[in-house]
Amino acid sequence: EDQVTQSPEALRLQEGESSSLNCSYTVSGLRGLFWYRQDPGKGPEFLFTLYSAGEEKEKERLKATLTKKESFLHITAPKPEDSATYLCAVQANSGYALNFGKGTSLLVTP
Amino acid sequence: DAGVIQSPRHEVTEMGQEVTLRCKPISGHDYLFWYRQTMMRGLELLIYFNNNVPIDDSGMPEDRFSAKMPNASFSTLKIQPSEPRDSAVYFCASSISGTYGYTFGSGTRLTVV
């Protein structure tokens, strides 16, 4: 059975303090690994898809990386507007459903 | 592009009543997904459709839940009868070919009292 575990559950950073969020996964044949951002009261917003180990993608202060067992979301010099819950999900070759982790709640203080 | 549109945004109903949630996917998207989100269990897939045909409904909790997609621009999720444990936020999402990032709607917050 596919499993996605995110850590930490919650993270508090000061503005400018870089850090990383972790997503560990087990899946029988990875089609893709997805990162989403979710703000309170809203639906998840797509950030990245990674397809193979060694792949990296960047968007503003965010950089996602992928290995065969885990993915990291690196946040460089975060700002308060980066505060949100970040969700990781895997898609197996056997279908098109996304299996989500429970997320990391990030708070960036000024 | 108006995105994925869900209605209603909020629904409060009494136990035993029928509830119908609605979703309009993005035009041209051929996959549609229904998810449920709770604090305890996170985001769980309920069912998904490809070209209006249900492909995987293994996440539908029980016979009280049913979903339909009569055409490419409309889907419904029905709960009958509703129970307090059905209280959650229900999201609809759509995708092109199923392999790119889904676009989620704003969700329907359901409260069953």
Side-chain angles (χ1 to χ4, degrees), chain A residues 1-10 21 23-25 27-52 55 57 59 62 64 66 71 73 84-105, chain B residues 1-10 21 23-26 29-51 53-60 67 88-110:
Chain A
E1 183 180 324
D2 302 343
Q3 284 198 320
V4 181
T5 303
Q6 293 188 245
S7 61
E9 288 186 14
L21 313 182
C23 172
S24 298
Y25 67 91
V27 63
S28 52
L30 180 71
R31 187 194 300 276
L33 185 138
F34 296 73
W35 282 98
Y36 283 82
R37 168 191 171 128
Q38 186 174 24
D39 293 296
K42 296 189 176 182
E45 177 187 346
F46 172 72
L47 293 173
F48 305 108
T49 308
L50 302 167
Y51 295 101
S52 58
E55 189 175 359
K57 288 193 176 173
K59 181 180 180 179
L62 301 177
L66 180 66
S71 177
L73 185 65
T85 295
Y86 291 85
L87 297 163
C88 170
V90 296
Q91 186 180 55
N93 283 327
S94 56
Y96 293 93
L98 292 187
N99 184 8
F100 282 87
K102 292 191 176 178
T104 293
S105 177
Chain B
D1 184 354
V4 175
I5 300 172
Q6 293 187 244
S7 64
R9 285 299 312 274
H10 302 274
L21 311 182
C23 175
K24 176 179 170 57
I26 293 174
H29 283 195
D30 56 346
Y31 279 81
L32 183 139
F33 304 83
W34 282 100
Y35 279 82
R36 177 170 68 176
Q37 188 175 39
T38 61
M39 288 293 293
M40 287 294 294
R41 300 175 68 89
L43 270 166
E44 301 175 285
L45 176 74
L46 298 176
I47 185 171
Y48 76 90
F49 297 83
N50 175 222
N51 291 323
V53 176
I55 302 300
D56 183 354
D57 66 353
S58 58
M60 296 286 264
V89 181
Y90 290 80
F91 287 103
C92 175
S94 69
S95 170
I96 296 177
S97 79
T99 56
Y100 301 107
Y102 301 176
T103 302
F104 280 80
S106 297
T108 295
R109 180 174 295 277
L110 174 65

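Lettering of chains follows the sequences in order, A, B, ..., and the numbering in each one begins at 1. Basis for what follows: all heavy atoms, side chains included, without hydrogens, waters or symmetry-related copies.
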Legend entry - Smallest separation among heavy atoms of B:Gly101 and A:Thr49, with atom names: N-OG1, 4.2 Å

Inset, instruction - Might you confirm whether atom NZ of A:Lys57 has over 12 heavy atoms from other residues, nucleotides or ligands at distances under 6.0 Å? - result: yes

Legend entry - Which portion of B:Gln6 sits near chain A, non-hydrogen atoms under 4.5 angstrom: neither

Inset, instruction - For each of A:Pro44, A:Gly43, A:Gly101, tally heavy-atom pairs with chain B at distances under 4.5 Å, and name the one with the top tally. - result: A:Pro44

Inset, instruction - Calculate, to the nearest 0.5 Å, the distance between atoms CG and CZ belonging to A:Leu98 and B:Phe104 respectively. - result: 6.5 Å

Inset, instruction - Flag the one option from A:Gly95, A:Gly41, A:Ala97 with the top tally of heavy-atom pairs under 4.5 Å to chain B. - result: A:Ala97

Legend entry - A:Gln38 to B:Phe91 - nearest heavy-atom pair and separation: NE2-CZ, 3.6 Å

Inset, instruction - Counting only heavy atoms closer than 4.5 Å, note whether B:Arg41 contacts chain A via side chain, backbone, both or neither. - result: backbone

Inset, instruction - Counting only heavy atoms closer than 4.5 Å, note whether A:Gln6 contacts chain B via side chain, backbone, both or neither. - result: neither

Inset, instruction - Starting at OH of A:Tyr96, measure out to CD1 of B:Ile55 and round the result to the nearest 0.5 Å. - result: 10.0 Å

Legend entry - Gap separating the NZ atom of A:Lys102 from the CG atom of B:Leu43, nearest 0.5 angstrom: 11.5 Å

Inset, instruction - Select one option (side chain, backbone, both, neither) describing which atoms of B:Tyr35 are under 4.5 Å from chain A's heavy atoms. - result: side chain

Inset, instruction - For chain B, find its close neighbours in residues 27-37 of chain A: heavy-atom separation under 4.5 Å, sorted by number, or none. - result: A:Arg31, A:Phe34, A:Tyr36

Inset, instruction - Against chain A, label B:Ser97 side chain, backbone, both or neither, depending on which of its atoms sit under 4.5 Å from a heavy atom there. - result: backbone

Inset, instruction - Just give me the residue among B:Glu44, B:Gln37, B:Arg109, B:Met39 that pairs up with chain A most often, heavy atom to heavy atom, under 4.5 Å. - result: B:Gln37

